[in-house]
Amino acid sequence: MVDGLLQVEGGRPLNGEITVRGAKNLAPKAMVAALLGTTPSVLRNVPLIRDVDVVSGLLSLHGVSIDYDQREGVLRLDPSKVEAAHVADIDAHAGSSRIPILFCGPLLHRLGEAFIPDLGGCRIGDRPIDFHLEILRQFGADVDKQAQGIRLTAPHGLNGTVIDLPYPSVGATEQTLLTAVRAHGLTELRGAAVEPEIMDLVDVLQKMGAIISVDTDRTIHVEGVEELGGYNHAALPDRIEAASWASAALATRGDVFVRGARQSHMTTFLNTFRKVGGAFDVRDDGIRFYHPGGDLRSSVVETNVHPGFMTDWQQPLVVALTQAEGLSIVHETVYENRFGFTGALRKMGATIQVYRECLGGTACRFGQRNFYHSAVISGPAPLRGADIVVPDLRGGFSHLIAALAAEGTSRVEGVNLIDRGYESFMSKLAALDADVTRLA
């Protein structure tokens with residue numbers, strides 16, 4: 001059975017206006033944070049995406065009462081009756097999401113135990129949960145790996161600790177924050193991620209009563225408290241989705257106003273967008289992205305943790321770079337296996353070669369590990385319609401952009417993956433005058 005099939009008639013510019021709501025990388029984590037409170041929480045600006053549905057299901061299994069006004073994007077979460085869930089139910093609801101690992105700290109605080117099934121997610125590189133489990137062990141959790149998954153208990157409670165991250169991992173930082181806020185004593189997290197979504201999660205936890213300070217050297221200090229309340233918070237807008245539509249406008253020679261896009265969260269992307277030849281106008285309520293005419297310029301792009309060029313911006317931009325004059329270089333330093341999506345672009349006529357060597361300005365941790373983590377794009381290369389299969393969330397949206405930019409008809413299979421992170425993308429394509437038909 002085909003898992004979402006689109007027919008795309010490409011070769012026409014995207015023109016119009018769309019709206020981005022709350023960030024995929026914040027909203028589900030803020031929902032998990034509600035477990036820590038003794039009173040209800042309200043999360044606003046919530047996107048209608050599959051990850052929100054997954055977390056809603058998992059929270060409901062644990063006794064959290066949820067009221068979701070999808071039209072207004074408002075979630076009300078009441079955790080007053082939290083309870084343990086059945087293993088089979090958790091497994092069925094988790095699906096391919098990796099978010100259940102973040103339930104562990106809050107559930108250990110509330111119930112003294114937690115269970116997580118085998119975890120999935122996009123296949124873009126090594127994302128082992130062992131690192132998360134080691135963090136939980138440092139707080140005092142006992143970890144028991146079983147056939148169905150992993151059971152954690154905290155017979156002596158959780159205590160503050162010192163955690164030194166070898167790499168500023170977003171997931172590991174989230175895990176530490178969600179566990180440390182109610183652990184006994186002080187927690188010091190060194191080498192933390194400081195992405196805007198992390199800072200927004202810190203805001204959520206502070207509203208609940210947490211005591212958290214962030215130093216300029218990526219060190220976060222958390223003073224554990226006995227009790228947290230609920231929060232009322234509007235999720236920050238999704239900078240990944242905003243940049244994806246910006247790249248789509250550039251690749252199709254279009255003009256798209258992204259309502260909700262915020263300049264302060266996209267500074268590095270905007271600089272690169274302008275260097276490549278794109279134009280943008282910043283307004284109070286969003287950003288207009290457009291192709292100003294003329295040729296696009298080749299560029300060297302190197303992904304990095306915030307405030308560097310975000311890894312999730314890379315894949316959509318690569319499609320636009322296939323239309324730039326000359327040789328562009330993209331060096332991926334965050335995930336080691338993020339160029340698998342380029343195979344479909346080559347099938348459509350792009351000239352892209354991937355290399356094991358570090359082709360950016362500096363060597364990275366993947367340079368000696370035999371991973372294809374650098375790409376050279378030669379352009380401009382006319383793209384032709386083709387039958388392609390979505391490999392992962394961001395790669396899938398990149399394939400969709402390529403199909404929209406290509407001359408002729410494309411069939412894009414597996415687009416249900418895109419629903420994980422792009423709210424109502426079919427409606428937004430219609431608003432931008434794209435000729436796209438859902439076949440299955």
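We number each residue from 1, following the sequence as shown.
Judged by distance alone, the side chain of Thr268 and the main-chain N or O of Pro307 form a donor-acceptor pair under 3.5 Å. No donor-acceptor pair under 3.5 Å is formed between the side chain of Thr187 and the backbone N or O of Val222. Judged by distance alone, with hydrogens and angles left aside, the side-chain atoms of Ser424 form no donor-acceptor pair with the main-chain N or O of Ser427 at under 3.5 Å. Listed for the Asn25 side chain is no donor-acceptor partner under 3.5 Å among the backbone atoms of Glu197. No donor-acceptor pair under 3.5 Å is formed between the side chain of Lys207 and the backbone N or O of Gly230. Here the side chain of Arg110 pairs a donor or acceptor atom with the backbone of Gly37 at under 3.5 angstrom. Put simply, the side chain of Ser410 never gets that close to the backbone of Asp387: no donor and acceptor are under 3.5 Å apart. Judged purely by atom type and a 3.5 angstrom limit, Asp78 has no side-chain atom pairing as donor or acceptor with the backbone of Pro40. A donor-acceptor pair under 3.5 Å links the side-chain atoms of Thr333 to the main chain of Thr303, judged by distance alone. Listed for the Arg346 side chain is a donor-acceptor partner under 3.5 Å among the backbone atoms of Ile352.
Put simply, the side chain of Leu186 does not reach to within 4.5 Å of the side chain of His221, judged on heavy atoms. Between Asp203 and Asp200 the shortest side-chain heavy-atom distance falls below 4.5 Å. Between Glu423 and Lys428, some side-chain heavy-atom pair lies under the 4.5 Å cut-off. Looking only at side-chain heavy atoms (C-beta outward), Leu136 and Leu152 come within less than 4.5 Å of each other. For the pair Val55/Leu59, a side-chain contact is recorded, criterion being any heavy-atom separation below 4.5 Å from C-beta on. Under the 4.5 Å side-chain criterion, counting only non-hydrogen atoms from C-beta, Gln314 is in contact with Phe341. Considering only heavy atoms from C-beta on, Asp255 stays 4.5 Å or farther from His291 through its side chain. In this structure the side chain of Tyr290 never reaches within 4.5 angstrom of the side chain of Asn15, judged on heavy atoms.
Within the structure, salt bridge (Lys or Arg N to Asp or Glu O under 4.0 Å) contacts touching residues 170-182 (residues at least two apart or in different chains) are Lys29-Glu174. Listed by first and then second residue, the ring pair (Phe, Tyr, Trp, His ring centres under 6.0 Å) pairs that reach into residues 414-437 are Phe397-Tyr422, sequence neighbours excluded.
No option in Asp285, Asp238, Asp284 other than Asp285 meets the salt bridge (Lys or Arg N to Asp or Glu O under 4.0 Å) test with Arg259.
A salt bridge does not link Lys24 with Glu241: every distance from a Lys NZ or Arg NE/NH1/NH2 to an Asp or Glu carboxylate oxygen is 4.0 Å or more. For Asp144 and Arg151, the salt-bridge test fails: no basic side-chain N is under 4.0 Å from an acidic carboxylate O. With salt bridges taken as basic N to acidic carboxylate O contacts below 4.0 Å, one links Arg338 and Asp312.
Using the six-membered ring where Trp is involved, Phe289 and Phe269 have ring planes that are perpendicular, over 60° apart on the 30 and 60° scheme. Between His373 and Phe366, the two ring planes are perpendicular [angle over 60°; tilted spans 30° to 60°]. Relative ring orientation between His233 and Tyr231 is described as perpendicular, the plane-to-plane angle rising above 60° on a 0-90° scale split at 30° and 60°.
Counting non-hydrogen atoms of neighbouring residues, nucleotides and ligands closer than 6.0 angstrom, the OH atom of Tyr372 reaches no more than 12 such neighbours.
With hydrogens and angles left out, the side-chain atoms of Glu195 and His306 include no donor and acceptor closer than 3.5 Å. Side-chain contact, Thr437 with Gln7: no donor N or O sits under 3.5 Å from an acceptor N or O. Judged by distance alone, the side chains of Glu188 and Thr219 never bring a donor and an acceptor atom under 3.5 Å apart.
Between Leu432 atom CG and Thr252 atom OG1 the span is 8.5 Å, to the nearest 0.5 Å.
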*What's the verdict on side-chain contact (heavy atoms from CB on, under 4.5 Å) for Ile101 and Leu133, showing C-alpha distance, side-chain angles and the deciding distance?*
CA-CA 9 Å; Ile101 188 68; Leu133 299 178; 4.1 Å; yes
*Is there a side-chain contact (heavy atoms from CB on, under 4.5 Å) between His109 and Leu35 once you walk through the steps?*
CA-CA 9 Å; His109 286 303; Leu35 274 172; over 6 Å; no
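For the pair Arg394 and Tyr335, the cation-pi test (distance below 6.0 Å, angle within 45°) is failed.
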